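Treat the numbers as computed from the prediction; the structure is a model and nothing was measured.
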Amino acid sequence: MKYLSVFLTAFFLSGSASGALTVSRNYETELLGNWICKDLWPGYSAFEMIRYKKDGTWNSFGEVIVDFELEENNYLKVRYGAVGTGLWEIENDNLVSLIDYVKVTTRTHPWIDEYFNMQDQFTLNEKTSEEIVVLSDNYINLKPNTGKGYECYKVDI
């Protein structure tokens, strides 16, 4: 009986310890580094290289491609380059980030800026939250509060 109580105590302690490890997962450390992200929708695609740093800042560069409908079934594909910086933190298994600087450059068809300014689509100094759906050594899947999820792959540079 003495051995059974020792076994049960050890079993419950090991279960509590493994549960504590899951709860105290250190997303901050796991997220550090360089990630290539892609976000695809019909008529829209974005590709971004983002670096999350220990000091709670991030920087990125990438490309956004948008199909603008000129007439029925006639689309104009416009490419934009974008660079940005900001802050990041983890709150309740969510990646919370803020853009403090962004510069968008129209790479094709610059005349479209008279009708649609992509720079205006980014809000500065406002926190956004994304649920961390999956995070492994080299893959992350994020789901914003306002849309479908997207994925990123860790890269060594």
query = Just wondering, more than 12 heavy atoms not from K148 lying within 6.0 Å of its NZ?
reply = yes
ask   = Are V66 and V83 co-members of a hydrophobic cluster defined by side-chain heavy atoms under 4.5 Å apart?
value = no
message = Let me check something: do L32 and L135 share a hydrophobic cluster, defined by ILVMFWY side-chain heavy atoms less than 4.5 Å apart, either directly or through other members?
response = yes
inquiry  = Quick check for you: to the nearest 0.5 Å, what is the distance between L76 atom CG and F68 atom CZ?
reply    = 8.0 Å
request  = Drop me the distance from D55's CG to W58's CH2, to the nearest 0.5 angstrom.
outcome  = 13.0 Å
task = Check for a donor-acceptor pair, side chain of N92 on one end and backbone N or O of N94 on the other, with a separation under 3.5 Å.
result = no
query = Restricting to pairs with a member in residues 94-121, which pass salt bridge (charged side-chain N to carboxylate O under 4.0 Å, His left out), not counting sequence neighbours?
reply = E63-R107
key: Y115 with I65, same ILVMFWY side-chain cluster at under 4.5 Å   = no
Approximate separation, where rounding is to 0.5 Å, of S97 OG and L87 CG = 9.0 Å
Identify each donor-acceptor pair in which a side-chain atom of residues 137-145 lies under 3.5 Å from a protein atom, sequence neighbours left out, and give them as a table.
from, atom 1, to, atom 2, distance (Å)
Y139, OH, N141, ND2, 3.2
Y139, OH, E151, OE1, 2.8
K143, NZ, G147, O, 3.2

ask   = Which residue pairs pass the salt bridge (charged side-chain N to carboxylate O under 4.0 Å, His left out) test with at least one member in residues 125-134, sequence neighbours excluded?
value = E89-K127
inquiry  = If you count heavy atoms of other groups shown closer than 6.0 angstrom to CD of E69, is the number above 12?
reply    = yes
request  = Treating Ile, Leu, Val, Met, Phe, Trp and Tyr as nodes and any side-chain heavy-atom pair under 4.5 angstrom as an edge, say whether F47 and W35 lie in one connected cluster.
outcome  = no
ask   = Can you name the residues that form a side-chain hydrogen bond (donor to acceptor under 3.5 Å, both in side chains) with N34, not counting sequence neighbours?
value = R51
inquiry  = The test is side chain to side chain contact (heavy atoms under 4.5 Å, CB included); show your working for L98 and T128 and say whether it passes.
reply    = CA-CA 6 Å; L98 170 141; T128 60; over 6 Å; no
Gap separating the CG atom of L70 from the CD1 atom of I112, nearest 0.5 angstrom = 6.5 Å
inquiry  = Please check if the number of heavy atoms outside K53 that lie under 6.0 Å from its NZ is greater than 12.
reply    = yes
request  = Without swapping roles, check the side chain of K154 against the backbone of L31 for a donor-acceptor pair under 3.5 Å.
outcome  = no
task = Give the intermediate values and the outcome of side chain to side chain contact (heavy atoms under 4.5 Å, CB included) for residues M49 and I157.
result = CA-CA 11 Å; M49 184 5 219; I157 296 180; 3.3 Å; yes
query = Pairs in or reaching into residues 34-93: which pass disulfide (SG to SG under 2.5 Å), with residues at least two apart or in two chains?
reply = C37-C152
Hydrophobic cluster membership, M118 vs L124, 4.5 Å side-chain cutoff = yes
inquiry  = To the closest 0.5 Å, what do you measure between CD1 (I36) and OG (S60)?
reply    = 11.0 Å
request  = Could you tell me whether the side chain of V104 reaches within less than 4.5 Å of the side chain of V64, counting heavy atoms only?
outcome  = no
task = With rounding to the nearest 0.5 Å, note down the distance linking OH in Y44 to CG in D39.
result = 5.0 Å
task = Among residues two or more places apart or on two chains, list those pairs meeting ring-ring contact (aromatic ring centres under 6.0 Å, His included) that have a residue in residues 74-108.
result = Y52-W88
